[in-house]
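Here the structure comes first, spelled out in structure tokens, and everything after it is commentary.
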Amino acid sequence: MPKDGITPRAQDYSQWYLDIVRGADLADYAEVVRGCIVFKPTGYALWEAIQRGLDDRIKATGHMNAYFPLLIPKSFIMKEAEHVEGFAPELFEVTQIGANELPEPLVVRPTSETIIGYFYAKWIRSYRDLPLLINQWANVMRAEMRTRPFLRTAEFLWQEGHTVHVDEADAERETLMILHDVYADFVEKEMAVPVIKGLKTEKEKFPGALRSYCIEAMMQDGRALQAGTSHNLGQNFARAFNISYTDQNNTIQTAWTTSWGVSTRLIGALIMAHSDDEGLVVPPRLAPTQVVVVPIYKNDAEKSAVLGAVEQITAPWKGRLRFKIDDRENLTPGFKFNEWELKGVPVRVEVGPKDVEKGSVALARRDIPGKAGKSFVPQAGLAEHIERLLAEIQQSLYDRALKFRDDHTADVQTYDELKAQIERGFARCYWAGTTEDEKRIQDEVRATIRCIPLDQPGTGGTCVYTGKPATRQVIFARAY
RNA sequence: CGGGGCGUGGCUCAGCCUGGUAGAGCACAGCGUUUGGGACGCUGGGGUCGUGGGUUCAAAUCCCUCCGCCCCGACCA
């Protein structure tokens, strides 16, 4: 039974998404600043959980965090040709301080390659200084024409890694390592969202990059969401900013750089991958609150008995489970059940007078909403029981998302089949077309090549559009 | 930036066509009864009807200006 105020997915997916964001209290429109949102505490807690999981992996792979200025001299952005073209239209520009005009305008960073490149050029002298492995957690701004909470906002939060290497091989190794061991690993294991790892086409790559890799996830409407990108920037930015080093033979060499990022968009991915018509569904490993306890009582005698039991039951959970006791007065249990379902807490424990009597509790799992996901279990060994259940929910969310993706992915041989399939989900096909072919398809059917998957069948085929012999498969889809 | 829609208590909206000085539901506050899947009663607070101008004895309502927001496209994490 869908909740009041939540538009069912089948009726209007886009409205459903907005209803979840509002219903789960994740964000508020910053209506006084066009295109921006307020991350409310519940939404920000999700970001903090995402940050933790990524930061651990970023550090485990040898990087350190630093912080660079928000404002960048406009001339910096202009130094790399493709980069200017890619970002110029969406720059916020600062031209004035108080009443005084600035001699050179500053821009609010849309991404930090340029200002970081400037400093790297200063810091790097020798091959002994490399690789230089730095990440920053920051906000960036891009004037997007159309915004949606978390998925695309004028200001967003992200991490951006910027590294420098001696040669192409080392830069490429870094780019792919981030893609596999940081991004895909985090999104699949912690967020329970399966991803396709792949290479971007020339048309879709980062402005100024040599090669862009990405992880693409499928949302419940069959559309693709780019969940993370990792770029081998080649020597483009190194040349523009003069990042060079002296090698073992005392020869000056231009360095190779990479950059990679994921943003608060991941919160959007999380919502659209798992949530249902009852509300948000948060995977247990990521959930700021994993278990909520709802005490149930009718009078003071029952109240003290139940609250006493709740205290005993939850005492061994401390340090083991992230839990909350919902002892708010004046709200009925039924109201609380619905509210916590709306907010996506993975497991709910109900403790009432009957449970106190029998030494049991009612246990409800969020991935199976309503009464169907409810069972009665003994209080003895409850912590272990819940830990097992959380692991099971985590796995089942991943399995469900993977099955959904598989069910909505099809191999297509012809352009007509392609057109039909992108209405359902991902179309996998051989491709030997040009950037112009890709643009034409985008104009005609609003789908783009999301990526050239790293996993390829290894055999050749026929291009879906040109009919030419092709060596590689691509994924076509409509994207967020 | 193009196309469409909408601005009325915190939210969703009615009232506008046919001008007469603002309503409902939800939410909120107090009290009481309730509490195992979104409780109920009573009482109460809260709106210069987006902005500026015009018409009129009189404007939420009619006319014009501006502003803002939402939706749909093209651009993008």
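Because the structure is a prediction, the values reported are computed rather than measured. In what follows, chains are A, B, ... by sequence order, proteins preceding strands, each numbered from 1.
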For [N], the Watson-Crick or wobble partner whose two distances fall under 3.5 Å:
| N | answer |
| --- | --- |
| B:rG2 | B:rC72 |
| B:rC31 | B:rG41 |
| B:rC66 | B:rG50 |
| B:rA59 | none |
| B:rU18 | none |

Q: Look at A:Q442 and B:rC75 and indicate whether a side-chain polar atom (N or O) is within less than 4.0 Å of OP1 or OP2.
A: yes
Q: Could you check whether A:Q226 gets within reach of a base, just the sugar-phosphate, or nothing at all, counting any heavy atom under 4.0 Å?
A: sugar-phosphate
Excluding sequence neighbours, so at least two apart, what forms ring-ring contact (aromatic ring centres under 6.0 Å, His included) with [X]?
| X | result |
| --- | --- |
| A:F87 | A:H83, A:F206 |
| A:H385 | none |
| A:Y13 | A:W16 |
| A:W340 | none |

Q. Roughly how far apart, to the nearest Å, are B:rG20 and B:rA39 at atom P?
A. 40 Å
Contact list (N/O, under 3.5 angstrom) for nucleotides 39-42 of chain B vs protein:
{"residue": "B:rA39", "atom": "OP1", "partner": "A:T332", "partner atom": "OG1", "Å": "3.4"}
{"residue": "B:rA39", "atom": "OP2", "partner": "A:T332", "partner atom": "OG1", "Å": "2.6"}

Q.
Expressed as a whole number of angstroms, how long is the span from A:K203:NZ to B:rA74:C1'?
A. 12 Å
Q) Who pairs with A:K419 by side-chain hydrogen bond (donor to acceptor under 3.5 Å, both in side chains), at least two apart in sequence or on another chain? A) none
**Q.** A:Y415-A:Y465 aromatic ring centre distance below 6.0 Å
**A.** yes
